[in-house]
Amino acid sequence: MNSANKFRKLSSSASLSSLTTITSRNFSMPASSSSSSLAAAALKKNNNNNNKNNNIAAAFQLSPRLDGLDKPTVWHEFSPLANEHNAVNLGQGFPDWDPPSFAIEAMMQSTDPKYGRNANQYARSYAHLPLAHVLAEDYSQRWNRSIDPTTEIATAVGCTNALYCALQGMISPGEEVLLFEPAFDVYIAQTKMAGGTPKYVPLRRKDASTAVDPDADATRQTSNAAFTLNLEELENAITEKTKVMIINSPHNPTGKMFSMEELTKIAEIVERHPQLTVISDEVYEHIVFDEVNSPHISFASIDHMYDRTLTLSSSGKTFSATGWKVGWAVGPPHLTKAVSAVQQWVNFSVPTPNQDAIALCLAHAREPYQGYDSFYKWIAAEYKRKRSLLADALITANMDPIVPDGGFFIMADTSKLKFPQSYREEITPAMPSNPMPRDWALSRWMTKVVGVTAIPPSAFYDTKTIHLAQNMLRFAYCKGDDTILKAHERFREYFD
C-alpha cells in the first residue's frame with residue numbers, strides 16, 4: 001500500500017471512530033432521556049384514560065329492574081366449588097350423556113339439504129310448522145280437544161325463554177305472580193324483570209310416617225305426600241293485583257306431582273278470580289314413575305281451565321338435549337300471543353334446524369324403543385332406576401330421601417347430619433341470607449369434606465320462609481350410573 005492510500009485509510013478509520021465517539025457522547029444521553037419522557041407521557045396518558053374509563057364505569061348503572069339480579073347465584077357458587085374440590089357434582093340438573101341416536105340422526109337430517117327438510121333458514125316467528133303440527137297432534141290427543149297448530153302453538157328458545165316471553169307479555173309493573181315454594185329461581189327473577197312482584201305460597205312438609213313409596217323401603221316418604229298445598233293459604237294470597245299463578249308439575253325441586261283432586265281444587269280457586277291466568281310448567285311431563293296411581297295431569301285439561309292456562313314444556317329434559325334449547329307454549333290464541341308478540345322482537349324465531357329435529361324426535365318417541373312401548377316409557381324407566389341408585393346412596397350418608405314421583409331430583413332430609421358450626425359463619429356473595437342458612441352451609445361442607453355436591457334449596461325460597469329449607473338438600477340423578485355410584489362410594493367412605 002502506498003503512503004497516500006495508507007493515510008486515507010487511517011484518516012477514514014479515525015473519522016469513523018470520531019463520529020462514533022461524537023454520536024455516543026452527543027446523542028446517546030439525549031436519546032435515552034427522550035425515550036424516558038415519551039414513556040412517562042404514554043403512562044400518564046394511559047392512567048388518564050384508565051381514570052376516565054373508571055369514571056364512566058362508575059357512572060353507569062344497570063336498570064333498576066335488575067336490582068339484586070346481577071349478584072352471583074347458587075349456580076355460580078356451587079359448580080366452581082365442586083370443581084375446586086374435585087367433588088361429585090349432583091347439583092345442576094342436566095344429563096351427562098348424549099341424546100339417543102335417533103335424535104342425533106334427526107339433527108343431521110334437518111341440516112343436510114339432501115333430505116329436503118328445508119330447515120336452514122329462518123322459521124316463522126310463531127313456530128316452525130312441522131314442529132307445530134306434531135305438537136298439535138300430541139296435545140289434541142292428550143287433552144281430547146282440537147289444537148290449531150297455527151295459532152295455539154308458540155315455540156321458544158327453551159322453556160325458560162317461553163316463560164320470559166309469557167311474563168313480559170302478561171305482566172304490568174306492580175302486578176303479582178303467585179309461586180309455590182320451593183320455586184325454581186328463574187320464576188322469581190323473570191317476574192321481577194317483567195316489573196311484577198313475586199308472592200309465595202309454600203308447600204308444607206308432612207310427617208314422614210304419613211306416606212311411603214310402594215316400590216321401596218317402607219321408611220321412604222314420597223314427595224306427593226310429603227309436600228302439600230294449603231288451599232286456604234293459597235286463596236288468601238290472591239289479591240286484585242294477582243295476575244298469574246305458576247304451577248310446576250312434576251315439581252322442581254321436590255318431585256311432587258299434583259293430583260287430580262289438588263288440581264281440581266286449584267281450578268275452583270282460579271274460577272273465583274277472573275283476572276288470574278295460570279302458567280303450567282310441565283317440562284318433566286314424561287319423567288313420571290307411576291302412571292296408574294300418580295299420572296301426569298295437565299292443568300289445561302281440567303274442566304274450564306283451557307282458556308285460562310298457558311302450558312309450557314320443552315325437549316331438553318326428555319331427549320337429554322338441553323343444549324338444543326327448543327321449548328313451546330300451548331294454549332288459546334289470546335295466551336300464545338303473549339309469547340309470540342314478545343318473541344318476534346327478541347330473537348324473532350327459534351333456530352330452525354333445532355325445531356325441525358325435535359319435530360322428528362317427537363314423532364319417533366311414540367314408537368317402540370329398547371323393548372318398551374315407546375321412548376317415553378323407556379326414559380321414565382331409566383330415571384326410575386337411577387332414582388333408586390341415588391336413594392340408596394343417600395341412606396348410606398344418614399339422609400332420608402323423599403322419594404320423588406316425577407322429575408329427576410331428590411330432596412333429602414338432612415336433619416340427622418352434624419357438621420362444624422364454623423361453616424355457618426362463612427360469608428359468600430351468593431348466599432341468600434346472613435347468617436348463612438343451614439342447608440347452604442351443609443352443602444359447602446359436604447362439597448369440601450365429603451366430596452359430593454348438592455344444591456341447597458334455600459335458593460328457591462323467599463327470605464321469610466327460608467327456614468323451611470334448613471333440613472333439606474336437592475340431589476340430581478340425571479347422571480350416569482358411574483357418577484351416582486362414585487357419590488355412593490364417597491358417602492360410604494366418610495359415613496361408614
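Every value quoted in this text rests on a predicted model; they were computed, and no experiment measured them.
- Summarising the local packing, NZ of Lys337 is surrounded by 12 or fewer heavy atoms from other residues, nucleotides or ligands at distances under 6.0 Å.
- Under the 4.0 Å criterion applied to side-chain N and carboxylate O atoms, Glu77 and Arg444 are assigned as salt-bridge partners.
- Closest approach of Cys159 and Asp281 over heavy atoms only: SG-OD1, 3.8 Å.
- Side-chain N/O atoms of Asp373 and Trp378 include no donor and acceptor closer than 3.5 Å.
- The nearest pair of heavy atoms linking Gly169 to Val342 is N-CG2, 3.9 Å.
- A salt bridge links Lys448 with Glu426: the closest approach of a Lys/Arg side-chain nitrogen to an acidic carboxylate oxygen falls below 4.0 angstrom.
- For the residue pair His296 and Glu282, a side-chain donor N or O sits within less than 3.5 Å of a side-chain acceptor on the partner.
- Proximity of Tyr477 to Ile484: side-chain heavy atoms (C-beta onward) are separated by under 4.5 Å at one or more points.
- If you check the side chains of Arg438 and Thr414, you find a donor sitting under 3.5 Å from an acceptor.
- Counting non-hydrogen atoms of neighbouring residues, nucleotides and ligands closer than 6.0 angstrom, the CG atom of Asp70 exceeds 12 such neighbours.
- Surrounding NZ of Lys464 are at most 12 heavy atoms belonging to other residues, nucleotides or ligands under 6.0 Å away.
- Of the possible polar contacts, one joining the Ser140 side chain to the Ala136 backbone as a donor-acceptor pair under 3.5 Å is found.
- Atom NZ of Lys265 has 12 or fewer neighbouring heavy atoms from other residues, nucleotides or ligands inside a 6.0 Å radius.
- No side-chain donor-acceptor contact under 3.5 Å links Tyr284 and Asn248.
- Within a 6.0 Å radius of CD in Glu261, other residues, nucleotides and ligands contribute 12 heavy atoms or fewer.
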